[in-house]
Amino acid sequence: MVLHLVPRCSARLFWASPGWRRTYTQGTSVGLTSLGCPRHRHSPMARRGYSSASGSPEVMLTPERYPVQRLPFSTVSEEDLAAFERIVPGRVVTDPEQLEAYNVDWLRSVRGCSKVLLRPQTSEEVSQILRHCYKRNLAVNPQGGNTGLVGGSVPVFDEVILSTALMNQVISFHDVSGILVCQAGCVLEDLNAYVQERDFVMPLDLGAKGSCHIGGNVATNAGGLRFLRYGSLRGTVLGLEVVLADGTILNCLTSLRKDNTGYDLKQLFIGSEGTLGVITAVSILCPPRPKAVNVAFLGCPGFAEVLQTFSTCKGMLGEILSAFEFMDSECMQLVRQHLHLTNPVQESPFYVLVETSGSSAAHDAEKLTSVLEQMLNSGLVSDGTMATDQRKIQTLWALRERITEALSRDGCVFKYDISLPVERLYDLVIDVRARLGPRAKHVVGYGHLGDGNLHLNVTAEAFSQELLGALEPYVYSWTAEQRGSVSAEHGLGFKKKNVLGYSKPPEAMKLMQQLKVLLDPKGILNPYKTLPARA
Ligand SMILES: O=C(O)CC[C@@H](O)C(=O)O
Ligand SMILES: [Zn+2]
């Protein structure tokens, strides 16, 4: 039972090292600053902050695995291709090999058969594309970094793929308010590097940061690792520019903290997964870059102790607590086996990652150390290690952030992203493990405990309807009984659209359908996603 307090190396002041603190004029506008470097022009499968399961067998076409009928949209003709070529010259992709990566999702679980990918650079181009598709009744699949986990980012049939990858310009950054305005295709990690140089951070961080686009993050209302500290994108996104189904450009790109003039239309598009409009630009509030970041990785003897550790951290770390993540021992087993990561503490049934972000390095480290010592002495924690330097912080975060990658190397993965009252969070994992027995290879639980968000994942050698039948609707009914959410942060996409009713009443679903009809009367935007098919 040792608490390994990592030697405080000089790099612990990484966040405040002299040299990065620069002075900028108030309201610095950077014009259109390109964030795109060549590696970002790789296919979306190439990056997610980590690699996809490679060498996997051919992915089945979506309609072969799922019961879904193509709706009566037009098919892309030679005339359409010629019109697209006039709108985005040289940026119309029809080569089947190049299209493959845009037709298949990151998990390699669903596959469309789109024949064309368009790569606009401006909102005006997006508008012209949609105007054409609307007139021609062509279905469109808006696509960001293609890192989604619910099949929302790839076509189901032959929808035209509209990629935001070349819309990667920063439009302005205000260095007093921290308000960033950028195009939708900026990669999250690049934006974070950009604002960090200016003493701010993005209010959002995800395992997929190296590939995901800010537009996709907003469209899916992504949660991620900084949610506990900075809250939902519904609070930090200040304005949006959106192109509607008929090509109308809706400019709500305001950069105001307060604006009570009428309905807050941007909220409609946040989390609508490209079904109501295509987000082309985002105005977002970036918090100041914390001067001191510390991370502790702890082993806990049981889930009750994980909960008490959380209460203790909330009570004693207060305003500097910025993340509280947990994972079970099977997760640790998988990251060791598939990614060769090292467990830095003694084997435990549960592990917890606690991060603090504050303004005083010495004070924060002292505070965290004393909390950890107290928890160790009381038996809440059986072992722990703490990092104050960036390299070690990243090593500890990798154990948690890379679980998704480890799971994808373990076989076929069934994913559930559930919100529950925090005290019941792990009961679902225990129940499902008992229910499946040897039919599953692994049943793991991990996630954003501080936000009441469980990632329940089940792996098997191969996809099986029988296993799926044992999991669903069991997991959804279980969740609904607790008044939880069947999608905490990943959205509904294609795979979860039919379970919306477990978390929303019929009246809410009806209103959602009506809003869809109002904004997209022909239903061309990301069809077969988010809302259940109408009877
Ligand atoms: O793969 C998953 O189920 C979760 C992915 C992501 O939301 C995470 O928190 O790591
Ligand atoms: Zn998550």
Side-chain angles (χ1 to χ4, degrees), residues 48-53 105-110 144-153 188-189 203-212 216-217 220-233 271 273 322-328 330-332 334-335 338-339 341 351-353 355 394 396-420 422 425-426 428-429 432 440-460 471-472 475 479 484-493 495-496:
R48 193 182 190 261
Y50 39 70
S51 59
S52 170
D105 72 326
W106 181 84
L107 283 170
R108 298 185 61 75
S109 61
V110 282
N146 193 9
T147 58
L149 299 173
V150 288
S153 57
L188 180 62
E189 192 171 58
L204 171 80
D205 186 23
L206 310 172
K209 57 184 154 260
S211 307
C212 64
N217 298 148
T220 55
N221 189 22
L225 309 164
R226 290 183 183 156
F227 190 100
L228 183 69
R229 166 57 72 86
Y230 303 120
S232 162
L233 286 171
E273 304 181 275
S322 55
F324 194 99
E325 300 284 320
F326 92 103
M327 57 197 268
D328 63 16
E330 286 199 43
C331 292
M332 180 61 84
L334 291 170
V335 294
H338 296 295
L339 308 174
L341 302 185
Y351 301 90
V352 155
L353 185 148
E355 184 192 76
Q394 269 168 5
L396 295 181
W397 261 116
L399 290 160
R400 162 63 189 88
E401 276 188 285
R402 297 186 66 191
I403 297 169
T404 298
E405 184 187 359
L407 283 160
S408 73
R409 293 180 189 208
D410 200 53
C412 175
V413 193
F414 298 82
K415 283 190 177 290
Y416 301 94
D417 165 39
I418 307 287
S419 261
L420 284 171
V422 76
L425 207 71
Y426 202 71
L428 178 58
V429 184
V432 168
K441 208 169 158 192
H442 287 284
V443 176
V444 307
Y446 65 106
H448 317 287
L449 187 115
D451 311 321
N453 182 181
L454 167 73
H455 294 311
L456 163 70
N457 279 230
V458 175
T459 64
L471 281 161
E472 299 177 16
V475 170
T479 304
S485 170
V486 292
S487 178
E489 60 168 6
H490 294 168
L492 297 164
K495 291 188 192 170
K496 311 277 172 178

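One-based numbering, in listed order, for ligands and for the atoms of each. Side chains are part of it too, since the values below use all heavy atoms of this structure and drop only hydrogens, waters and symmetry mates.
Close approach of ligand 1 to His490 (heavy-atom distance below 4.0 Å) involves ligand atoms 2 (C), 3 (O), 4 (C), 5 (C), 6 (C), 7 (O). When each atom of ligand 1 is checked for a heavy atom of Arg400 under 4.0 Å away, the hits are 8 (C), 9 (O), 10 (O). Residue-ligand proximity, Thr404 to ligand 1, at heavy-atom distances under 4.0 Å covers atoms 1 (O), 2 (C), 4 (C), 5 (C), 10 (O). Of all the atoms in ligand 1, the ones that sit under 4.0 Å from a non-hydrogen atom of His448 are 9 (O). Each of the following atoms of ligand 1 lies closer than 4.0 Å to a heavy atom of Asn457: 3 (O).
Ion pairing between Glu273 and Lys496 fails under the 4.0 Å rule for side-chain N and carboxylate O.
Within His448, NE2 is the N, O or S atom that lies nearest to the Zn ion (ligand 2).
The Zn ion (ligand 2) does not have His490 among its coordinating residues (no N/O/S atom, backbone or side chain, under 2.8 Å). Distances from the Zn ion (ligand 2) show that Glu489 has an N/O/S atom below 2.8 Å.
Not close to ligand 1: Tyr416, with no non-hydrogen atom less than 4.0 angstrom away. The closest approach between any non-hydrogen atom of Leu149 and ligand 1 is below 4.0 Å.
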- Query: Hey, mind stepping through Trp106 and Ser408 against side chain to side chain contact (heavy atoms under 4.5 Å, CB included) and telling me if it holds?
  - Reply: CA-CA 10 Å; Trp106 181 84; Ser408 73; 4.0 Å; yes
- Query: Can you list the steps and then say if Phe227 with Asn453 is a side chain to side chain contact (heavy atoms under 4.5 Å, CB included)?
  - Reply: CA-CA 11 Å; Phe227 190 100; Asn453 182 181; over 6 Å; no
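The residue Glu401 has no part lying near ligand 1, judged by heavy-atom distances below 4.0 Å. Heavy atoms of Ile403 found under 4.0 angstrom from ligand 1: none, in either backbone or side chain. Neither the backbone nor the side chain of Leu407 has any atom closer than 4.0 Å to an atom of ligand 1 (non-hydrogen atoms only).
Glu401 and Leu206 make their closest contact through OE2-O, 3.8 Å (heavy atoms, listed as atom of the first residue, atom of the second, distance). Between Gly445 and Leu454 the shortest heavy-atom distance is CA-CD1, 4.0 Å. Shortest non-hydrogen contact noted between Leu449 and Val422 is O-CG2, 3.6 Å.
Ring geometry for His448 versus His455: interplanar angle over 60°, hence perpendicular rather than tilted (30 to 60°).
Side-chain atoms of Asp417 come within 3.5 Å of backbone atoms of His490 as a donor-acceptor pair (strictly under, hydrogens ignored). Remark: the backbone N or O of Gly224 is paired with a side-chain donor or acceptor of Glu489 at under 3.5 angstrom.
By the 3.5 Å distance cut-off applied to N or O atoms, Glu489 is counted among the residues near ligand 1.
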